[in-house]
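Below you'll find the structure I mean.
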Amino acid sequence: MNLFAKYLEEREGVKVISSDVGFATYKQVDNETVYLINIFVEKEHRRKGIASQLSLQVQIEAERLGCTKLLGSVDITTNGVTNSLKAVLGDGFEFSHGIGNVLYFIKNI
C-alpha cells in the first residue's frame, strides 16, 4: 500500500484497491452501502476490462462487509464524462439522483 493510500484510509476511511495500471477507491457509508468513489486506469490500458475488474473487486469487498448496494457517481464537468457514464451503466448501475454537477448511480449486489 502506498503512502497516499495509507493517508486516505487513516484520515477518511477510504480504502484503495490497486493494480499495476489502475486503482479504485471506496468507502463503506452505512450497513448496506459501499460508495465506489473513483476508478482510474492508465490511458494505454483502457478498454481492456480493467475498470470492470476493479469494480468487481470492490463489489466482492462490499459483499464481504455484508453490504447489498454499491453507490457510484460521475461528475459531469470532468474530462471523459461520456466514457465514465458508459462504464457505470455498462457495469449494471442505475441512475439514482443528481446533486449539482454530480450524478449518482446505485447497484444492488
Exercise. Would you check if Val41 and Leu54 make a side-chain contact, meaning some heavy-atom pair closer than 4.5 Å?
Key: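 Yes, at least one pair of side-chain atoms sits under 4.5 Å.
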Exercise. May I have all residue pairs that pass ring-ring contact (aromatic ring centres under 6.0 Å, His included) and include part of residues 59-94, sequence neighbours excluded?
Key: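 ring-ring contact (aromatic ring centres under 6.0 Å, His included) check on residues 59-94 returns no pairs.
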Quiz item: Got a sec, which residues hit side chain to side chain donor-acceptor pair (under 3.5 Å) with Glu42, two or more places apart in sequence or on another chain?
Solution: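 In terms of side chain to side chain donor-acceptor pair (under 3.5 Å), with neighbours along the sequence ignored, Glu42 is linked to no residue.
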Quiz item: Going only through I, L, V, M, F, W and Y residues with side-chain contacts under 4.5 Å, is there a path from Ile37 to Leu89?
Solution: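 In one cluster with Ile37: Leu89, no.
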Self-check item: Non-hydrogen side-chain atoms of Ile50 and Val21 separated by less than 4.5 Å
Solution: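 Heavy-atom side-chain distance check passes, below 4.5 Å.
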Quiz item: Below 4.5 Å, heavy atoms only, C-beta onward: do Asn31 and Cys67 meet side chain to side chain?
Solution: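 Of all side-chain heavy-atom pairs linking Cys67 with Asn31, none is under 4.5 Å.
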Quiz item: Is there a side chain to side chain contact (heavy atoms under 4.5 Å, CB included) between Ile106 and Leu70 once you walk through the steps?
Solution: CA-CA 6 Å; Ile106 195 84; Leu70 281 179; over 6 Å; no
Exercise. Tell me, please, which residues at least two apart from Ala87 pass side-chain contact (heavy atoms from CB on, under 4.5 Å).
Key: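 For Ala87, no residue satisfies side-chain contact (heavy atoms from CB on, under 4.5 Å) once neighbours in sequence are set aside.
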Quiz item: Which pairs pass ring-ring contact (aromatic ring centres under 6.0 Å, His included) with one or both residues in residues 35-82, sequence neighbours excluded?
Solution: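 Sorted result for residues 35-82: Phe23-Phe40.
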Quiz item: Is there side-chain contact between Val74 and Val81, with at least one heavy-atom pair below 4.5 Å?
Solution: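 Sidechains of Val81 and Val74: in contact.
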Quiz prompt | Inter- and intrachain pairs under salt bridge (Lys or Arg N to Asp or Glu O under 4.0 Å), touching residues 49-68, at least two apart | solution =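 Non-adjacent pairs meeting salt bridge (Lys or Arg N to Asp or Glu O under 4.0 Å): Glu61-Arg64.
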Quiz item: Is any side-chain heavy atom of Ile76 less than 4.5 Å from a side-chain heavy atom of Val102?
Solution: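 A side-chain contact under 4.5 Å is absent here.
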Quiz prompt | Contacts of type salt bridge (charged side-chain N to carboxylate O under 4.0 Å, His left out), residue Glu12, not counting sequence neighbours | solution =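 Partners of Glu12 by the salt bridge (charged side-chain N to carboxylate O under 4.0 Å, His left out) criterion come out as none, since no residue qualifies.
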Exercise. Check whether any side-chain heavy atom of Leu103 lies under 4.5 Å from a side-chain heavy atom of Leu85, and answer yes or no.
Key: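 Yes, their side chains come closer than 4.5 Å.
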Quiz item: What pairs of residues pass the side-chain hydrogen bond (donor to acceptor under 3.5 Å, both in side chains) test when at least one of them lies in residues 93-109, not counting sequence neighbours?
Solution: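 Every pair satisfying side-chain hydrogen bond (donor to acceptor under 3.5 Å, both in side chains) with a residue in residues 93-109: Gln59-Lys107.
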Practice problem: Report the residues that fulfil side chain to side chain donor-acceptor pair (under 3.5 Å) with Arg11, sequence neighbours left out, ordered by chain and then residue number. | Solution: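 Testing Arg11 for side chain to side chain donor-acceptor pair (under 3.5 Å), a comparison that skips the adjacent residues, returns none.
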Exercise. State which residues pass side chain to side chain donor-acceptor pair (under 3.5 Å) with Gln53; sequence neighbours excluded, sorted by chain then number.
Key: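 Here no residue qualifies.
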Quiz item: ring-ring contact (aromatic ring centres under 6.0 Å, His included): which pairs involve residues 51-90, sequence neighbours left out?
Solution: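 Those involving residues 51-90 do not exist here.
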Practice problem: Find out if a path of hydrophobic residues (ILVMFWY) with successive side-chain heavy-atom gaps under 4.5 Å connects Val58 to Ile109. | Solution: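 Both belong to a single hydrophobic cluster.
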Quiz prompt | Heavy-atom check, side chain of Leu65 versus side chain of Val34, under 4.5 Å | solution =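 In short, these two side chains touch, coming nearer than 4.5 Å.
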Quiz prompt | side-chain hydrogen bond (donor to acceptor under 3.5 Å, both in side chains) partners of residues 78-89, not counting sequence neighbours, each pair once | solution =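 Pairs touching residues 78-89 that pass the test: Arg47-Asn83.
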Quiz item: Is atom CG of Asp20 surrounded by more than 12 heavy atoms (other residues, nucleotides or ligands) closer than 6.0 Å?
Solution: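 Counting neighbours around CG of Asp20, 12 or fewer heavy atoms of other residues, nucleotides or ligands fall under 6.0 Å, so no.
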Self-check item: Partner set under salt bridge (charged side-chain N to carboxylate O under 4.0 Å, His left out) for Lys27, not counting sequence neighbours
Solution: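 Here no residue qualifies.
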Exercise. Check whether any side-chain heavy atom of Leu36 lies under 4.5 Å from a side-chain heavy atom of Ser55, and answer yes or no.
Key: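 Touching, per the 4.5 Å side-chain cut-off.
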